There are 2 protein chains.
Amino acid sequence: MEAMPYSRPALIALLRRHGIAPTHQRLEIAQVLFARCQHLSAEQILAQVNERHAETSKATVYNTLKLFCERGLVREVIVDPKRVFYDPNTSPHHHMYNIDSGEITDIPAESLSLNAMPELPEGMVTEGVDIIVRVRTPDAVGQGRLG
Amino acid sequence: MEAMPYSRPALIALLRRHGIAPTHQRLEIAQVLFARCQHLSAEQILAQVNERHAETSKATVYNTLKLFCERGLVREVIVDPKRVFYDPNTSPHHHMYNIDSGEITDIPAESLSLNAMPELPEGMVTEGVDIIVRVRTPDAVGQGRLG
DNA sequence: TTTCTGAATTAGACAAAGTCCAATCATTGA
DNA sequence: TCAATGATTGGACTTTGTCTAATTCAGAAA
Ligand SMILES: [Mn+2]
Ligand SMILES: [Mn+2]
Ligand SMILES: [Zn+2]
Ligand SMILES: [Zn+2]
């Protein structure tokens with residue numbers, strides 16, 4: 001795992017190390033992702049990046065997140081059919097998803113593992129194993145839908 | 001697991017057993033889902049139901065799939081950010097997802113299990129644990145994107 | 001410092017999946 | 001048979017994400 005890259009120079013170094021040219025927009029997006037290590041959707045990142053004054057377009061946010069994924073800076077988390085979340089933590093771990101609040105939290109890799117890997121069909125290769133623990137707040141059963 | 005419900009009377013009984021009024025449209029949709037026990041998206045179901053002659057609207061397909069989920073007749077499979085898949089197999093099992101072809105296949109519950117359940121935060125309740133094995137055909141790396 | 005060029009960014013049109021609503025229709029118990 | 005209750009419908013709408021052609025930028029070279 002990378003050292004905590006809060007400062008501009010550290011973020012620039014981080015992008016460069018991944019073969020990414022450090023433009024202003026990419027640094028803003030990296031800032032948002034790595035400052036607090038949360039799971040954010042593209043639209044949340046767009047909003048946070050443009051909080052003070054508009055400076056990054058929707059297209060660039062999507063382009064950049066795709067690039068960050070390809071270069072292994074972030075990873076996609078697919079738990080909610082409505083949107084993809086982006087995870088700045090690329091080390092192996094799993095997720096707990098609160099279906100009432102939409103909150104995603106990490107489960108350390110050590111605290112949960114499979115007792116067997118499935119045999120793959122001829123010529124297939126594992127890309128990754130996602131484990132998602134879906135949880136609920138029983139109080140919130142009937143209504144409490146958030147997004 | 002339910003006995004194979006191919007015939008109309010069997011499908012009607014199945015819906016009734018789950019507290020669902022067996023309308024023509026719901027029976028058509030159940031037919032499509034249970035005939036071949038596949039993982040289908042809403043749009044695929046809509047297309048199959050209206051293959052011979054149009055008889056079911058998009059709104060009804062979505063309404064019905066939601067109802068079937070609530071009543072435990074089918075379950076959602078969330079592996080592809082573009083669409084939800086519906087699984088007529090509600091017994092515990094996991095999934096293998098081919099990220100190149102989009103193909104989803106079942107992994108029997110027995111052949112894959114966790115060596116520990118994570119401790120849940122105060123007052124949370126597990127709704128389910130999804131394990132998704134993402135696989136790839138190495139030949140198809142650079143290009144072979146299908147949807 | 002200035003120039004140049006490929007790469008990056010952008011606005012806004014577009015697409016796909018899914019939701020919603022008010023009007024209409026069907027099922028079913030009486 | 002006949003309401004009344006529940007189900008279905010077309011189509012407008014929303015949200016998330018993609019695409020494109022025009023513009024701007026970063027940074028290497030001079
Ligand atoms: Mn038919
Ligand atoms: Mn979508
Ligand atoms: Zn995570
Ligand atoms: Zn399945």
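Throughout, protein chains are lettered first and strands after them, A, B, ... in sequence-line order, and every chain is numbered starting at 1. Because the structure is a prediction, the values reported are computed rather than measured.
With C/dA13, D/dA7, C/dT10 as the candidates, the nucleotide lying closest to the side chain of A/K58 is C/dA13. Nearest nucleotide to the A/S57 side chain, out of C/dA17, D/dG10, C/dT9: C/dT9. Listed candidates were D/dC19, C/dC21, C/dA17. Nearest to the side chain of B/E43 is C/dA17. Of the listed nucleotides (C/dT10, D/dT9, D/dT16), C/dT10 has the atom at the smallest distance from the side chain of A/N63.
Under a 3.5 Å cut-off, the side chain of B/R71 and the backbone N or O of B/G19 do form a donor-acceptor pair. A donor-acceptor pair is defined here as one N or O able to donate and one able to accept, closer than 3.5 Å; no such pair exists between the side chain of A/N98 and the backbone of A/R136. Formation of a donor-acceptor pair under 3.5 Å by the B/D100 side chain with backbone atoms of B/T137 is found in this model. A distance-only check finds a donor-acceptor pair linking the side chain of A/R26 to the backbone of A/A21 [under 3.5 Å].
In this structure, B/H24 atom NE2 and D/dT9 atom C1' are separated by 14 Å, rounded to whole Å. What separates CG of A/L46 from C1' of D/dT18 is a distance of 15 Å, to the nearest Å. One atom, NZ of B/K66, and another, C1' of C/dA17, lie 16 Å apart when rounded to the nearest Å. Distance A/E28 CD to C/dT10 P: 11 Å, rounded to the nearest Å. Separating the CZ atom of B/R71 from the C1' atom of D/dA7 is a distance of 13 Å, rounded to the nearest angstrom. The separation between A/L65 atom CG and C/dA8 atom C1' is 15 Å, rounded to whole Å. Atom pair B/L67:CG and C/dT19:P shows a separation of 14 Å (rounding to whole Å applied). Taking atom CZ of residue B/F85 and atom C1' of nucleotide C/dA16, one finds them 13 Å apart after rounding to whole Å.
Residue A/T23 is in sugar-phosphate contact alone, with no base atom involved, counting any heavy-atom pair closer than 4.0 Å across all strands shown. Counting non-hydrogen atoms under 4.0 angstrom, B/T56 reaches the backbone sugars and phosphates but no base. Looking at heavy-atom distances under 4.0 Å, A/E55 makes contact with sugar-phosphate atoms alone, never a base.
Neither OP1 nor OP2 of C/dA17 sits under 4.0 Å from any side-chain N or O of A/R83. Between B/R26 and D/dA7 there is a side-chain polar atom (N or O) within less than 4.0 angstrom of OP1 or OP2. A/Y62 has no side-chain polar atom (N or O) that falls below the 4.0 Å cut-off from OP1 or OP2 of D/dT18. Side-chain N/O atoms of B/R16 include none lying less than 4.0 angstrom from OP1 or OP2 on C/dT27.
Place B/Q25 and B/A59 on DNA chain C by their nearest nucleotides, and B/A59 ends up nearer the 5' end.
Under 3.5 Å, the side chains of B/H39 and B/D106 contain a donor-acceptor pair of N or O atoms.
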